[in-house]
2 protein chains.
Amino acid sequence: MSDQARKRRPYAARVPMAERREQLLDAALQVVDRDGYDGVSIDAIAKQAGVTRPVVYGAFDSLGPLLMALLERQQQRALMQLFGALPQDLEDGDPAGLIRQAGPALHQMLLDDPVTWRAILQSATHAPEAVRERVEADREQVRLAIERLVTGALGRRTDAEVLSHAVIAMLERFGQLVIADPERFTAERLTEAVVALLGRAPGRVT
Amino acid sequence: MSDQARKRRPYAARVPMAERREQLLDAALQVVDRDGYDGVSIDAIAKQAGVTRPVVYGAFDSLGPLLMALLERQQQRALMQLFGALPQDLEDGDPAGLIRQAGPALHQMLLDDPVTWRAILQSATHAPEAVRERVEADREQVRLAIERLVTGALGRRTDAEVLSHAVIAMLERFGQLVIADPERFTAERLTEAVVALLGRAPGRVT
DNA sequence: TCCATTTACTACACAACTGTAGCATTCTGG
DNA sequence: CCAGAATGCTACAGTTGTGTAGTAAATGGA
């Protein structure tokens with residue numbers, strides 16, 4: 001009957017598990033990007049993916065594990081990008097050069113994959129408990145890498161732990177500025193501002 | 001009947017409107033501090049205050065206006081404290097002195113009223129739309145004040161807009177560190193780290 | 001071709017929260 | 001001391017989201 005035809009939802013394409021999981025993570029990422037971590041729910045993800053909730057439950061136990069998997073995937077991508085963009089040689093001792101090298105690379109990284117970075121930069125304060133712990137763990141790993149960079153660039157007499165926190169905070173804020181208004185906050189402008197800040201003493205203090 | 005006596009909830013003390021509103025804002029603040037902005041609801045606030053939901057609806061139209069009023073109150077307190085702690089003389093031109101003056105004052109400010117500052121520092125990304133706009137407006141006002149300080153301290157050739165964003169980001173992160181672990185991140189340590197960072201060129205660049 | 005398996009959908013029960021209507025209690029002024 | 005105004009409580013209906021059991025469709029191998 002046409003009544004039945006109208007009522008019954010057309011079946012979504014059948015997809016093997018692994019692919020379905022990826023598809024659902026993509027949907028979740030879109031929802032997060034559009035509505036923030038608040039708007040995320042099993043229901044919203046299912047709608048976004050064009051399937052019904054039981055399909056989602058077939059792929060993930062609940063919202064927590066799903067978001068966990070999402071963050072896991074995006075953080076992995078992000079860390080690859082990030083460590084690719086960060087300088088390698090810690091023993092240089094030339095802060096300005098180091099910044100002029102890393103600045104544009106980081107900037108490009110943001111523009112290449114803004115969705116991932118919005119999701120990560122905004123996960124900061126919010127996000128369901130268990131997720132935050134994992135984010136924090138990775139964040140700490142990044143901070144340690146930066147702490148080493150700081151020590152390498154500015155010498156051992158600096159308080160590298162505190163400064164690494166400052167650098168991370170600054171980078172995250174710059175990231176948000178770039179994503180919000182790339183034309184206003186160009187790679188060159190941000191880079192030069194930082195260089196000017198501490199470029200006045202180019203040598204390393206040992 | 002004892003049945004009725006057991007069932008019927010004892011009446012909460014009757015309180016004039018103005019006082020009730022304050023009491024509810026206090027309750028809301030406690031909830032936010034305990035469970036974050038996620039855990040906040042009319043229901044949770046009512047429970048925390050020891051009254052029933054209709055009482056809350058008598059004082060505020062809904063959760064949005066209530067949180068708005070809360071942020072309004074706390075931000076007002078916070079801005080008073082903040083502008084009290086920030087240096088006044090913009091024309092000094094001595095960054096190190098400026099920081100050594102402001103650092104401990106800001107540190108003390110945090111310890112004096114940690115609940116307020118936790119609520120504000122964590123409101124960053126989250127919070128119901130309308131609230132965030134107001135928070136952003138105040139934040140921008142603070143940033144402009146800091147932009148003036150930066151110009152005053154480092155001279156006009158610096159990119160004060162960008163640097164003010166960096167300074168704000170750093171201050172907020174330091175605030176979080178202090179609140180999380182005051183013994184580890186003392187006023188002196190944070191202050192000296194910043195002074196060391198740019199204190200190497202004490203003069204103003206004009 | 002046809003049946004067993006896999007995958008998706010429908011429907012239901014449950015939980016947390018919102019907002020409101022109507023009743024109960026307390027308090028206050030005459 | 002006793003109405004009636006002010007204030008609080010109970011109860012209900014509506015909404016949104018969760019998680020699951022049972023049913024219907026699609027798909028691949030015999």
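Keep in mind the model is a prediction, meaning the values are calculated, not measured. To find a chain, count down the sequence lines: A is the first, B the second, and so on, and within it residues start at 1.
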Between B/I42 and B/Y11, the residue closer to the 5' end of DNA chain C by nearest nucleotide is B/I42
### Query
Quick one: do A/E72 and A/R77 make a salt bridge, cutoff under 4.0 Å?
no
| Heavy-atom distance under 4.5 Å between the side chains of A/L197 and B/L154, does that happen here? | yes
B/Y57 OH to C/dC17 P, in whole Å, measures 11 Å
Note to self: Checking side-chain polar atoms at under 3.5 Å, does B/R143 have a donor or acceptor matched by the opposite partner on B/S164?
What the structure shows: yes
note: B/F60, atom CZ; C/dG19, atom P; distance rounded to Å ~ 14 Å
Atom CZ of B/R20 and atom C1' of C/dT26 are separated, to the nearest Å, by 13 Å
- Message: Check this for me: does the side-chain of A/R53 come within 3.5 Å of the base of D/dG17 through a donor and an acceptor?
- Response: no
Taken to the nearest whole Å, NZ/B/K47 to C1'/D/dC9 is 14 Å
Within residues 24-32 of chain A, the residues having a heavy atom closer than 4.0 Å to DNA chain D are none
Atom CZ of B/R9 and atom P of C/dT26 are separated, to the nearest Å, by 14 Å
Whole-Å distance, A/M17 CE to C/dA8 C1', equals 13 Å
For residues 160-171 of chain A, the salt bridge (Lys or Arg N to Asp or Glu O under 4.0 Å) pairs (sequence neighbours left out) are A/E161-B/R184, A/E161-B/R189
Closest of D/dG8, C/dC9, D/dT10 to the A/A12 side chain is C/dC9
Whichever of B/S41 and B/R14 has the more 5' nearest nucleotide on DNA chain C, that residue is B/S41
Test side chain to side chain contact (heavy atoms under 4.5 Å, CB included), reference A/D113, set A/L111, A/T116, A/L110, output is A/T116
message = Taking any heavy-atom pair under 4.0 Å as a contact, classify A/A13: base, sugar-phosphate, or nothing.
response = sugar-phosphate
Testing D/dG8, C/dT10, C/dT20 for proximity to the side chain of B/V55, the answer is D/dG8
When rounded to whole Å, the CG to P distance for the pair A/D35 and D/dT16 reads 15 Å
**Prompt:** Checking B/R21 side chain against B/A59 main chain: does a donor-acceptor pair fall under 3.5 Å?
**Reply:** yes
Would you say the side-chain atoms of A/R34 and A/Q48 include a donor-acceptor pair closer than 3.5 Å? yes
Taken to the nearest whole Å, CD1/B/I45 to C1'/C/dG19 is 15 Å
